[in-house]
Amino acid sequence: MNRLLPGIVLLLMILATQTVFADPGTGSLAGRVTDKNGGPLSGASVYIPDLKLGVVADTGGYYRFNSLPSGKYLIEVHSIGYKTMTRQVTVSGPVTQDFTLADSYVEESAVVVTGLSKATQIKRNPVPIVAISHDYLATNISTNAIDAIAKIPGVRAVTTGPNVSKPFIRGLGYNRILTLYDGIRQEGQQWGDEHGIEVDQYAVDRVEVIKGPASLSFGSDALAGVVNLIPTQPPPEGKMIGDLTLDYQTNNKNIGGSAMLGGTKNGLEWMARISHKEAVDYQNKIDGRVFGTAYNETDGDASLGLHRKWGYSHLDFVFYNDLQEIPDGSRDALTRQFTRQISEADTVRQVVSQHDLDSYKIEKLHQHVQHYRVYSGNSFTMGEYGRLQVNFGFQRSIRQEFSHPVLYTIPGLDLQLNSYTYDVKYFLPEFDNWNIAVGVNGMYQNDVSTTGTEFIIPSYHQFDIGPFLLAKKTFDKLDVAGGVRFDSRAFNNFALYTRTDPTTGFDMAVTGADTAGAEKPFSAYRKNFNGVSGSLGGTYNFSDKFSVKANIARGFRAPNIAEISANGVHPGTNIYQLGNPNFKPEFSLQEDIGLVFSSHYVVATLDLFNNTISNYIYNQKISKADGADSMDNSGNTYFRFVASKAHLYGGEFSIDIHPVKALHFENSFSVVYGENKGAQPKSIGDSARYLPFIPPAHGISELRYEFSDRQARITHAFVKVQLEYSAAQNRAFIAYNTENATAGYTLFNAGVGGGITDKKGKTIVNVYLMANNLFDVAYYDHLSRLKYFYFSPTDTNPTHGIYNMGRNISFKLDFPLNFNLKTDKKDADL
């Protein structure tokens with residue numbers, strides 16, 4: 001409770017400050033939503049993204065916002081089965097605005113909010129960005145929040161089994177990709193190979209992905225892009241919503257479920273969710289069940305919000321608790337059966353029984369990952385003086401990796417990270433089609449790593465601050481946007497001394513007089529990292545059907561704790577990691593050009609990019625003089641971070657063909673090339689000419705039929721078949737045995753689903769039956785870490801890695817809840 005008290009006090013302070021602002025001035029917005037024949041669209045949603053405010057049309061199609069701050073807003077109008085409409089509306093006094101929705105052959109360009117001075121349609125935004133809808137997330141199989149977006153063109157994931165995924169955008173990942181949750185930066189231990197994103201997948205309603213440098217808005221760690229996971233938002237005024245989701249997946253017997261309930265009455269919003277999932281080890285036809293990949297995860301969140309004519313204020317609490325097994329790949333050389341460690345010396349291994357492979361019980365050697373978050377998002381409208389947005393957050397990440405098979409209750413790695421984030425933006429009043437925002441954001445972090453028995457990084461603290469300016473100007477068909485930012489990070493890690501614990505025999509951290517004669521794996525280190533980033537681009541809409549966009553952006557990233565200071569074995573990776581305190585910040589320069597064509601029957605996009613990164617930091621093996629891997633006495637392979645110059649280029653192409661309203665033929669293709677230009681002036685050899693972890697060319701073709709008419713109480717039904725293609729990746733970083741080439745593969749996926757309604761047409765349940773890898777293909781994904789988990793530390797046979805997941809069939813039920821609340825119109829201020 002003591003950790004939550006600062007957030008509660010902070011919210012009360014912010015709510016109190018609204019009394020000092022000038023009267024924002026109020027207006028109202030009302031009208032009617034109809035179809036092309038003038039028929040009312042009951043239940044249509046009318047939403048204002050900048051205010052996070054929405055209403056629902058009544059049975060006559062009429063909607064009304066009773067009290068709105070004066071200003072110009074982008075309005076989204078949505079009704080199932082119709083094309084979403086977006087329109088700019090100026091509110092000053094009472095305003096009437098009707099909307100007529102057309103049949104939905106193709107969707108309107110989505111509205112996005114991530115990293116912008118104001119909510120904007122994608123087609124008018126020069127920065128390469130993609131929006132992933134709730135419908136997409138619901139109708140595709142995923143095993144975690146990042147896996148759910150890994151088929152989007154230009155987006156892939158580095159995986160360590162089905163529940164651990166890290167996003168990669170155009171060949172870059174780790175601390176170069178910033179993950180946001182509801183616009184607040186997600187802070188865990190992102191530097192780790194097998195450290196996934198601590199987010200409840202069931203809570204994510206939609207996703208926005210920036211594909212390129214976003215340091216301008218978010219600072220360090222957004223050098224290569226941003227993934228904004230946006231949770232389910234509170235319902236419109238006077239509504240209560242709920243949802244019960246049940247999910248079963250056959251491959252690893254995943255049992256999942258989530259329950260949510262929320263409501264809004266007289267401007268007061270509330271929402272709560274609880275989720276759980278658990279699974280046994282996943283399987284494929286070569287390895288059978290893969291030992292060490294089971295998990296047991298429980299998540300929850302609760303939020304309170306208030307909307308008034310001065311703006312809005314939200315307070316959110318989120319927790320994540322995951323028990324995740326740790327694979328090491330060890331198998332019997334003759335039978336290929338998995339084995340487990342049973343002693344510290346690890347001289348003899350035990351074959352894992354089929355009973356244990358089929359069990360939901362978590363093994364003694366596992367990770368326990370906990371993440372707690374409290375954050376407050378606030379927007380204050382100040383009339384003619386503009387708008388102020390203030391966001392604060394506190395996060396506590398606890399990562400314990402239990403790696404001792406005998407004294408298994410003692411964690412090997414024990415990391416405790418506290419992060420305090422802040423983001424303040426002032427939006428100037430719009431004038432002459434100029435939208436300008438100035439602000440400052442950053443964070444303070446304190447990480448404690450002295451309570452375990454294995455020490456890969458020292459304790460540290462750091463403080464980030466970054467003032468910035470964002471601007472956008474509209475000249476009729478031309479939109480120009482850009483900005484500039486200065487970042488500064490003050491970094492300080494502490495010295496660490498260790499001795500052998502006489503009770504356990506493991507290493508332990510010591511201080512004071514006990515440091516005399518002790519080992520010193522880490523020395524004190526202090527450094528400031530500074531950098532300037534910026535962006536400038538434009539979009540020209542030749543017509544409603546065709547637009548061209550171009551952008552150039554400079555990104556900045558300070559080295560992370562592992563890259564600077566690592567010196568130890570990382571449990572669960574078979575790696576002895578070494579850092580380098582002499583690293584400089586990374587700087588990227590990326591040029592983008594995009595073409596968008598949208599007609600009644602065809603939507604096509606082409607995005608090309610070219611990216612150059614100086615001081616690019618990557619991980620490579622250390623080899624001995626004879627070329628063999630360099631290892632410590634326990635068989636862990638030495639890896640060292642090194643820096644070079646990198647060049648990445650490629651693009652994405654998609655075309656969606658809709659010959660009739662119900663039929664969708666959607667195709668996408670993405671490719672990225674990564675070249676290692678070597679640390680100047682020294683050149684590099686052919687075996688190191690490519691960058692590591694570059695995904696191969698990837699394509700998706702999907703044929704989907706949507707049944708538009710309700711039949712036998714079935715609504716929004718669909719059936720689809722999908723072909724997923726991954727090319728061979730022969731451009732691998734093979735120097736020092738760091739990587740090897742990966743063969744291509746083709747997967748067939750399929751799905752069918754729809755809603756079952758009552759007599760009045762209200763949906764009772766949505767039913768989905770979906771399958772991935774229908775033909776149970778055995779394949780290696782180039783970004784799977786398990787590809788390099790061989791039979792033993794001395795095994796070098798690339799066919800002895802662990803294959804990806806085989807056939808997986810998902811059966812999901814979704815029970816929606818939606819009904820009206822009685823609203824006191826006298827007290828309502830919306």
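Small disclaimer: the values here were computed from a predicted structure and weren't measured.
Residues G579 and F641 approach most closely at CA-CD1, 4.2 Å, considering heavy atoms. Summarising the geometry of E198 relative to Q189, their closest heavy-atom pair is OE2-N, 4.2 Å, with the distance given to 0.1 Å. For A728 against P696, the heavy-atom pair with the smallest separation is O-CB, 4.0 Å. Pairing each heavy atom of V112 with each of A131, the nearest pair is CG1-CB, 4.1 Å. The two residues D182 and N228 come nearest to each other via the heavy atoms N-OD1, 3.7 Å. Between I694 and V672, the shortest heavy-atom contact is CG2-O, 3.6 Å.
Residues V209 and I152 fail the side-chain proximity criterion, which asks for heavy atoms closer than 4.5 Å. Taking 4.5 Å as the limit, every side-chain heavy atom of R689 sits out of range of all side-chain heavy atoms of R731. The shortest distance between side-chain heavy atoms of T179 and L229 falls below 4.5 Å. Side-chain contact between F733 and Q620 is present, with heavy atoms from C-beta onward closer than 4.5 Å. Side-chain contact between D607 and F609 is absent, with no heavy-atom pair separated by less than 4.5 Å. With contacts defined as side-chain heavy-atom distances shorter than 4.5 Å, the pair T421/Y375 does not qualify. Put simply, the side chain of I465 reaches to within 4.5 Å of the side chain of Y422, judged on heavy atoms. Counting only heavy atoms from C-beta outward, the side chains of V602 and D656 never approach each other to under 4.5 Å.
In this structure, CZ on F665 lies 12.0 Å from CZ on R704, to the nearest 0.5 angstrom. In this structure, the separation between CG on N610 and NE2 on H647 is 3.5 Å, given to the nearest 0.5 Å. Remark: F669 CZ to I700 CD1 distance equals 12.0 Å, nearest 0.5 Å. Here I657 contributes atom CD1 and Y601 contributes atom OH; the two are 13.5 Å apart, rounded to the nearest 0.5 Å. Between the NZ atom in K549 and the OH atom in Y540 there is a gap of 16.0 Å [rounded to 0.5 Å]. Between the CG atom in L178 and the CG atom in L223 there is a gap of 11.5 Å [rounded to 0.5 Å].
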Steps toward side chain to side chain contact (heavy atoms under 4.5 Å, CB included) verdict (Q462, F529)
CA-CA 11 Å; Q462 66 183 31; F529 299 96; over 6 Å; no
Under the side chain to side chain contact (heavy atoms under 4.5 Å, CB included) criterion, do L747 and N772 qualify, and how do the steps go?
CA-CA 8 Å; L747 306 179; N772 279 355; over 6 Å; no
Chi angles and distances behind the side chain to side chain donor-acceptor pair (under 3.5 Å) call for T143, N163
CA-CA 6 Å; T143 54; N163 202 39; 5.9 Å; no
Could you give me the CA-CA distance, side-chain angles and deciding distance for F427 and N435, then say whether side chain to side chain contact (heavy atoms under 4.5 Å, CB included) is met?
CA-CA 8 Å; F427 300 87; N435 290 290; over 6 Å; no
Hey, mind stepping through R170 and D592 against salt bridge (Lys or Arg N to Asp or Glu O under 4.0 Å) and telling me if it holds?
CA-CA 12 Å; R170 292 176 166 178; D592 288 273; 2.7 Å; yes
Please test D221 against R185 for side chain to side chain contact (heavy atoms under 4.5 Å, CB included), starting from the C-alpha separation and ending with a verdict.
CA-CA 10 Å; D221 300 349; R185 61 186 297 146; 3.2 Å; yes
Stepwise side chain to side chain donor-acceptor pair (under 3.5 Å) test for Q577 and N619:
CA-CA 9 Å; Q577 187 65 66; N619 210 9; 2.8 Å; yes
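For the 3.5 Å distance criterion, the side chains of S670 and H698 fail to qualify, holding no donor opposite an acceptor. When only modelled atom types and interatomic distance are considered, K720 and N140 share a side-chain donor-acceptor pair under 3.5 Å. For the residue pair N804 / D781, no side-chain donor-acceptor distance below 3.5 Å is found, with atom types taken as modelled. Side chains of Q445 and S419: a donor on one and an acceptor on the other come within 3.5 Å. For the 3.5 Å distance criterion, the side chains of T120 and N125 fail to qualify, holding no donor opposite an acceptor. Under 3.5 Å, the side chains of T474 and D479 contain a donor-acceptor pair of N or O atoms. Checked by atom type, the side-chain pair N749/Q722 shows a donor-acceptor distance below 3.5 Å.
Ring centroid separation for the pair F168 and Y174 comes in under the 6.0 Å cut-off. Aromatic rings from F587 and F556 are positioned such that their centres are separated by under 6.0 Å. In this structure, Y803 has its ring center at least 6.0 angstrom away from the ring center of Y779.
Ring orientation note: the planes of Y649 and Y673 are tilted relative to one another, at an angle of 30° to 60°.
Panel note: side chain Q590, backbone N611; no donor-acceptor pair is recorded below 3.5 Å. A donor-acceptor contact shorter than 3.5 Å links the side chain of N144 to the backbone of P162. With hydrogens and angles disregarded, a donor-acceptor distance shorter than 3.5 Å links the side chain of N615 to the backbone of P585. For Y788 (side chain) and N740 (main-chain N/O), a donor-acceptor pair under 3.5 Å exists by modelled atom type. A distance-only check finds no donor-acceptor pair linking the side chain of S217 to the backbone of A214 [under 3.5 Å]. For R156 (side chain) and A150 (main-chain N/O), a donor-acceptor pair under 3.5 Å exists by modelled atom type. Using a distance-only test at 3.5 Å, with no hydrogens or angles considered, a donor-acceptor pair links the side chain of Q233 to the main chain of P231. Formation of a donor-acceptor pair under 3.5 Å by the E586 side chain with backbone atoms of I617 is found in this model. Within the 3.5 Å criterion, the main-chain N or O of A688 finds a donor-acceptor partner in the side chain of N676. Proximity of a side-chain donor or acceptor of T738 to a complementary backbone N or O of K621 within less than 3.5 Å is detected.
Sparse packing is recorded around CZ of R640, with 12 or fewer heavy atoms of other residues, nucleotides or ligands lying under 6.0 Å away.
Salt-bridge annotation for R489 and D487: absent, with no side-chain N of the basic residue lying under 4.0 Å from a carboxylate O of the acidic one. The existence of a salt bridge linking E563 and R557 is confirmed by a sub-4.0 Å separation between a basic side-chain nitrogen and an acidic carboxylate oxygen. For K473 and D432, the salt-bridge test passes: some basic side-chain N is under 4.0 Å from an acidic carboxylate O.
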